[in-house]
Protein chains: 2
Amino acid sequence: MSVQSILDVATEVLLAKPSASLGDVAKAAGVSRTTLHKRYATRHDLLVALSHDAYDRVEKAMTDAQLDVPGSEVEAALERAIAGLIPIGPRIEFMYRQIGLDDVPDLVARYEQTGEPLLRLVRRGQEAGIIRSDMPDWWIVSTLDASFYSAWEAISVGRLAPLDAPALVMKTVMRGIGT
Amino acid sequence: MSVQSILDVATEVLLAKPSASLGDVAKAAGVSRTTLHKRYATRHDLLVALSHDAYDRVEKAMTDAQLDVPGSEVEAALERAIAGLIPIGPRIEFMYRQIGLDDVPDLVARYEQTGEPLLRLVRRGQEAGIIRSDMPDWWIVSTLDASFYSAWEAISVGRLAPLDAPALVMKTVMRGIGT
DNA sequence: ACAGTTCTGAACATGAGTGTTCAGTCGATC
DNA sequence: GATCGACTGAACACTCATGTTCAGAACTGT
């Protein structure tokens, strides 16, 4: 069982049941508890590793989405970002729900810097007149996050097709639900 | 310390730290652990009581918001609903994050019926042509929930004024972030 | 002042998760 | 086939939350 697979399974198990024991995680990962302890000495270490892995993936998705574009292409870049985030929905959900890791300076720092690219993109969109300027930039980002999260949730319960998600999120967020 | 206050404090403590012990909860509520155990025999009982309390409040907010209006007034009703939900943000966050209570039939039933009024309102809005019909009703509701939740989060960290929230959510949701 | 109720603090047994150790097994490499 | 490393299962001590009990204190209304 590769390290990556263990992180995958651990994310899944701990999302479904945050109080799951390390024994549960090990069993689900097809690994002995001893081995798990060898890789991650304590439960805390495992949680930190999972968080770092989640940040790694979000950062990679943001880089791949090439968000540093001129204002006129903001909308396309946004859709690329959303499309890139969809497959790593569980990781993001994990980051989001994980509480009590505020005492790890590395993670706090990454939290702030991981959101930067999207924030910059939104600002560029506002300057280019594509995104409303009568709302704060952080609120726009927050709205994007929330809509993406809704989409991920709908996907995870089987109500929304993954391939439909980016366009739906874009339409909803950009034009709203009103007629 | 009244029962209601205990539920308030318990919600707060368990939101900040889901793994908090009953001792922590009791201390925060200014009550002895013995007394807490007398009211709620087990931790599970306490969590169920907290959930029921949260549902009670959401249902009351929905009733107070008078959502059963003709289609032409859907928008105003929506804003009333959002305004009513803001003050009980912590309860809703608790319901949302609480996992592992799926084995309580009462709660599952309430979950489904608590969302009904808003879903009906959205459908009425769609029929009246005020809300887009090219998106599923459940997605509209999901979007509303997500935006409300974003607002609550912003309020809880002090970035958004509670009184500004309903209008901001309405504008964002109905008209989108695009120009 | 009294009786009845509630709350408290302390103690206790229990169970579960955690972290550690170690001898034995498996598999790959040379 | 011998060696080295990784993995395993079992056992162990330890900590901590939980649920229970009980005698005494604080508070209630009469």
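What's counted below: heavy atoms across the whole structure, side chains too, no hydrogens, waters or symmetry copies. First the proteins, then the strands, lettered A, B, ... as listed; each starts at 1.
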Let's test your reading of the model: under 3.5 Å, does the base of C:dG17 pair with the side chain of A:R33 as donor and acceptor?
no
First of B:K38 and A:A41 reached from the 5' end of DNA chain C, by closest nucleotide
B:K38
Rounded to whole Å, NZ of A:K27 lies from P of D:dA10 at a distance of 13 Å
Within a strict 4.5 Å, meaning less than it, do heavy atoms of the B:R80 and B:V69 side chains meet?
yes
Show me the pairs that pass side-chain hydrogen bond (donor to acceptor under 3.5 Å, both in side chains) and involve residues 21-32 of chain B, at least two apart or across chains.
B:S21-B:D24, B:S32-B:T35
Using a cut-off of 4.0 Å on non-hydrogen atoms, how would the nucleic acid contact of B:S21 be classed: base, sugar-phosphate, or nothing?
sugar-phosphate
Contacts to DNA chain C from residues 44-53 of chain B, heavy-atom cutoff under 4.0 Å, which residues?
none
Rounded interatomic separation in angstrom, taking NZ from A:K17 and P from C:dG17
8 Å
Atom pair distance, as rounded to whole Å: CG in B:L36 and C1' in D:dT20
14 Å
Report yes if a donor N or O on one partner sits less than 3.5 Å from an acceptor N or O on the other, where the partners are the side chain of B:T34 and the base of C:dG9; otherwise report no.
yes
B:S32 vs C:dT8: side-chain N/O to OP1/OP2 distance below 4.0 Å:
yes
For B:D24 and D:dC16, what is the distance between atoms CG and P respectively, to the nearest whole Å?
12 Å
Roughly how bent is the helix from C:dA1-D:dT30 to C:dC30-D:dG1 end to end, in steps of 10 degrees, with each end axis from five pairs?
30°
Find out whether A:M95 and A:V58 are in side-chain contact, i.e. whether some heavy atom of one side chain is under 4.5 Å from a heavy atom of the other.
yes
Rounded to the nearest angstrom, tell me the gap between atom CG in A:L22 and atom P in D:dC14.
20 Å
Once you round it to whole Å, what is the distance between P of D:dA6 and NE2 of A:H37?
19 Å
Can you find a pair of side-chain heavy atoms, one from A:R124 and one from A:D68, that are under 4.5 Å apart?
yes
Contact between A:L14 and A:L47 at the side-chain level, heavy atoms closer than 4.5 Å - yes or no?
yes
